[in-house]
Chemist: 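What follows is a structure written as structure tokens; I'll ask about it next.
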Amino acid sequence: MIYLLLFLEFFKIGLFAIGGGLAALPFLYELAPKYDWFTEADITNMIAISESTPGPIAVNTATYVGYHTAGFWGGIIATLGNIMPAIIIVLMVAKYLEKFKNNSLVQAGFYGIRPAVAALITVALFAVVKVSILHGDVFAATGNWRSLVDWRATALFAVSLALILKGKKHPVLYIAAGALAGILIAPR
Amino acid sequence: MNSLWELYVSFFKIGAVTFGGGYAMLPIIQKEIIEKKGWVSNEDVVDYYAVGQCLPGVIAVNTALFIGNKIKGKQGGIAAALGVATPSILIITVIAAFIQNFLEYPMVQYAFYGIRVVVCALITQALLKLWKTAIKDIFGITVYLAVLVLALFVKVPTVLLVILALAAGLVAHSLQGKKEGANQ
């Protein structure tokens with residue numbers, strides 16, 4: 001029974017959370033008082049773990065909540081429930097997208113959308129920069145400009161960008177090298 | 001050979017190294033799916049991101065569904081989606097089962113300090129690559145800047161931004177059509 005409930009609740013989240021993993025948050029906060037699966041404080045931990053492990057945040061959160069609620073199968077069932085609406089809806093849309101892709105109106109729409117996607121990726125980049133190269137939180141608390149930039153992280157960013165633009169190796173290598181560099185130079 | 005298994009494995013790899021959400025997936029998609037396999041073009045991926053953004057579900061899974069579907073139909077889409085989700089299931093299950101306070105280990109924190117910075121650099125490079133596909137003229141730059149400002153400072157919901165950009169594209173198209181008509 002718990003499996004069915006998990007599936008349905010995460011199906012609902014998958015269906016209504018449009019626009020990325022964090023859109024699922026309000027739904028999770030709703031679940032907390034409804035069942036005794038997890039508390040609101042647990043949600044913060046889940047987000048932290050989800051954001052710092054690979055994979056989409058929504059999927060990570062579904063697995064984590066499902067596991068904590070009903071063990072291994074709970075994790076799998078919550079995750080499947082979470083991605084099921086996307087599987088159904090996206091595959092339906094994909095059929096029509098391929099069919100009408102060369103239609104001049106569809107092309108005109110994409111002509112407007114493509115620069116918007118570039119802008120959205122820029123926004124995502126700013127969000128990561130804010131927590132990795134800048135100390136947005138420290139600056140907000142102290143108002144001290146000198147505390148805003150993390151110089152070690154900035155140097156690492158410059159070096160890795162130069163290597164990435166020149167080297168064209170697989171991204172995984174750079175991520176592994178980044179983990180190693182972090183262990184060596186992160187402020188203690 | 002584009003077998004379902006090959007799709008699953010490719011997207012498993014992408015899911016395993018995507019730190020920080022769907023957009024961080026872009027550099028790895030560019031390497032694995034566009035450059036190595038030649039399955040789709042840069043332009044396709046941008047379109048999938050845009051449409052996926054407006055549908056239920058997360059960008060990573062939606063993009064996997066679109067790409068898988070293009071290569072091998074519905075089954076391909078499902079194989080790709082399961083591939084991108086599997087590493088999450090494995091990693092999170094292990095963390096939830098065995099590691100208490102995962103993030104409080106200093107070594108983990110130090111490693112993530114470096115990983116986050118490299119992810120910034122990877123997204124920067126992906127954005128540079130994408131730029132040529134996405135922005136071709138003054139119209140493109142205008143839409144780019146407008147969306148950037150609206151998203152950063154006005155906090156307009158993403159779905160609405162995509163719809164506005166789509167409308168701008170249609171308006172530009174019909175104006176251009178009129179101009180060409182007048183010139184003839």
Side-chain angles (χ1 to χ4, degrees), chain A residues 14-15 18-21 48-49 52-60 63-64 67-68 75-76 79 83 85-87 89-91 94 108-119 121-125 128-129 132 153 156-157 160-161 164-165 170-172 174-175 178-179 181-183 186, chain B residues 15-19 21 23 27-28 31 46-47 49-50 55-58 60-62 65-66 69 74 77 81 85 87-89 91-93 96 103 110-125 127 134-135 140 143-144 147-148 151 158-159 162 165-166 168-170 173:
Chain A
L15 185 60
I18 295 176
I49 290 181
S52 47
T53 47
I57 293 166
V59 174
N60 289 347
T63 310
Y64 195 87
Y67 185 91
H68 266 284
I76 293 200
T79 307
I83 65 175
I87 291 182
I89 294 169
V90 172
L91 288 182
F110 278 124
Y111 173 67
I113 285 178
R114 282 180 197 140
V117 173
I121 295 175
T122 311
V123 174
L125 177 63
V128 203
V129 165
S132 55
L156 180 60
F157 174 79
S160 50
L161 185 61
I164 289 166
L165 290 177
H170 201 286
V172 182
Y174 297 111
I175 291 173
I183 290 172
Chain B
V17 292
T18 300
F19 286 89
Y23 290 118
I28 303 153
K31 191 79 194 175
V46 179
D47 296 350
Y49 264 75
L55 298 173
V58 285
V61 175
N62 291 359
L65 283 164
F66 275 123
N69 179 70
K74 282 197 173 61
S88 293
I89 297 179
I91 295 168
I92 296 289
T93 302
L103 293 173
Y110 301 151
F112 277 117
Y113 177 88
I115 288 175
R116 281 196 298 263
V117 173
V118 170
V119 168
C120 290
L122 283 170
I123 300 181
T124 307
Q125 180 229 16
L127 187 61
I135 295 159
V143 172
Y144 174 84
V147 171
L148 195 62
T158 311
V159 182
V162 174
L166 180 133
L170 291 176
H173 174 79

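Given the structure is predicted, the values throughout are model-derived calculations rather than measurements. Below, chains carry the letters A, B, ... as their sequence lines are ordered, and counting in each starts from 1.
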Chemist: Under 4.5 Å from any heavy atom of chain A, what part of B/K31 do you find: side chain, backbone, both or neither?
Modeler: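 Just its side chain gets close to chain A.
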Chemist: Please report the interatomic distance CG(A/N60) to OG1(B/T93), rounded to the nearest 0.5 Å.
Modeler: 10.0 Å
Chemist: Might you point out which heavy atoms bring B/A165 and A/A116 nearest each other, and give the distance in Å?
Modeler: CB-CB, 3.5 Å
Chemist: Please evaluate residues B/D47 and A/I113 with respect to the criterion side-chain contact (heavy atoms from CB on, under 4.5 Å), reporting the C-alpha separation (whole Å), side-chain torsions for both, the decisive distance (0.1 Å), and the verdict.
Modeler: CA-CA 8 Å; B/D47 296 350; A/I113 285 178; 6.0 Å; no
Chemist: For the interface with chain A, which of B/I135, B/V61, B/L122 has the highest count of heavy-atom pairs at distances below 4.5 Å?
Modeler: B/L122
Chemist: Pick one of side chain, backbone, both or neither for A/T79, based on which atoms fall under 4.5 Å of a heavy atom in chain B.
Modeler: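 When you check distances to chain B, only side chain atoms of A/T79 fall under 4.5 Å.
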Chemist: Can you name the closest pair of heavy atoms from B/L65 and A/A86 and give their distance?
Modeler: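 Minimum heavy-atom contact is CD1-O, 3.4 Å.
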Chemist: Minimum heavy-atom separation for B/G15 and A/P54, please, with both atom names.
Modeler: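 Heavy atoms only, the tightest pair is O-CB, 3.6 Å.
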Chemist: Please flag which part of A/Y67 lies under 4.5 Å from any non-hydrogen atom of chain B: side chain, backbone, both or neither.
Modeler: side chain
Chemist: Mind listing the closest non-hydrogen atom pair of B/A134 and A/R114 along with its distance?
Modeler: CB-O, 3.6 Å
Chemist: For A/Y111, which residues count as a side chain to side chain contact (heavy atoms under 4.5 Å, CB included) partner, sequence neighbours excluded?
Modeler: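 Side chain to side chain contact (heavy atoms under 4.5 Å, CB included) list for A/Y111, sorted by chain: B/D137, B/F139, B/A172.
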Chemist: Within this structure, what is the CD1-CD1 distance for the pair A/I164 and B/I123, rounded to the nearest 0.5 Å?
Modeler: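 Rounded to the nearest 0.5 Å, the CD1-CD1 separation comes to 10.5 Å.
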Chemist: Looking at chain A, which one of B/I92, B/V118, B/V46, B/I115 has the largest number of heavy-atom pairs inside 4.5 Å, strictly under?
Modeler: B/I92
Chemist: Identify which of B/L170, B/V162, B/I28 forms the greatest number of heavy-atom pairs closer than 4.5 Å to chain A.
Modeler: B/L170
Chemist: Side chain, backbone, both or neither: which part of B/I91 has an atom under 4.5 Å from a heavy atom of chain A?
Modeler: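 The answer is the side chain of B/I91.
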Chemist: Mind listing the closest non-hydrogen atom pair of A/L91 and B/K74 along with its distance?
Modeler: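 Taking every non-hydrogen atom into account, CD1-O, 3.9 Å.
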Chemist: When only pairs under 4.5 Å are counted, which of B/V143, B/V147, B/N62, B/I89 shares the most heavy-atom pairs with chain A?
Modeler: B/I89
Chemist: Write down the atom of A/P115, the atom of B/Y144, and the distance for their closest heavy-atom approach.
Modeler: O-CD1, 3.7 Å
Chemist: When heavy-atom pairs shorter than 4.5 Å are enumerated against chain B, which of A/G75, A/A181, A/G109 gives the highest number?
Modeler: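 Greatest number of close heavy-atom pairs with chain B: A/G109.
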Chemist: What residue, out of A/I83, A/I76, A/V172, A/T122, has the most heavy-atom pairs lying under 4.5 Å from chain B?
Modeler: A/T122
Chemist: With sequence neighbours excluded, tell me which residues meet side chain to side chain contact (heavy atoms under 4.5 Å, CB included) with A/V129.
Modeler: A/L125, A/I133, A/L134, B/C120
Chemist: If I measure from the heavy atoms of chain A, does B/A50 come under 4.5 Å with its side chain, its backbone, both, or neither?
Modeler: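 When you check distances to chain A, atoms from both the backbone and side chain of B/A50 fall under 4.5 Å.
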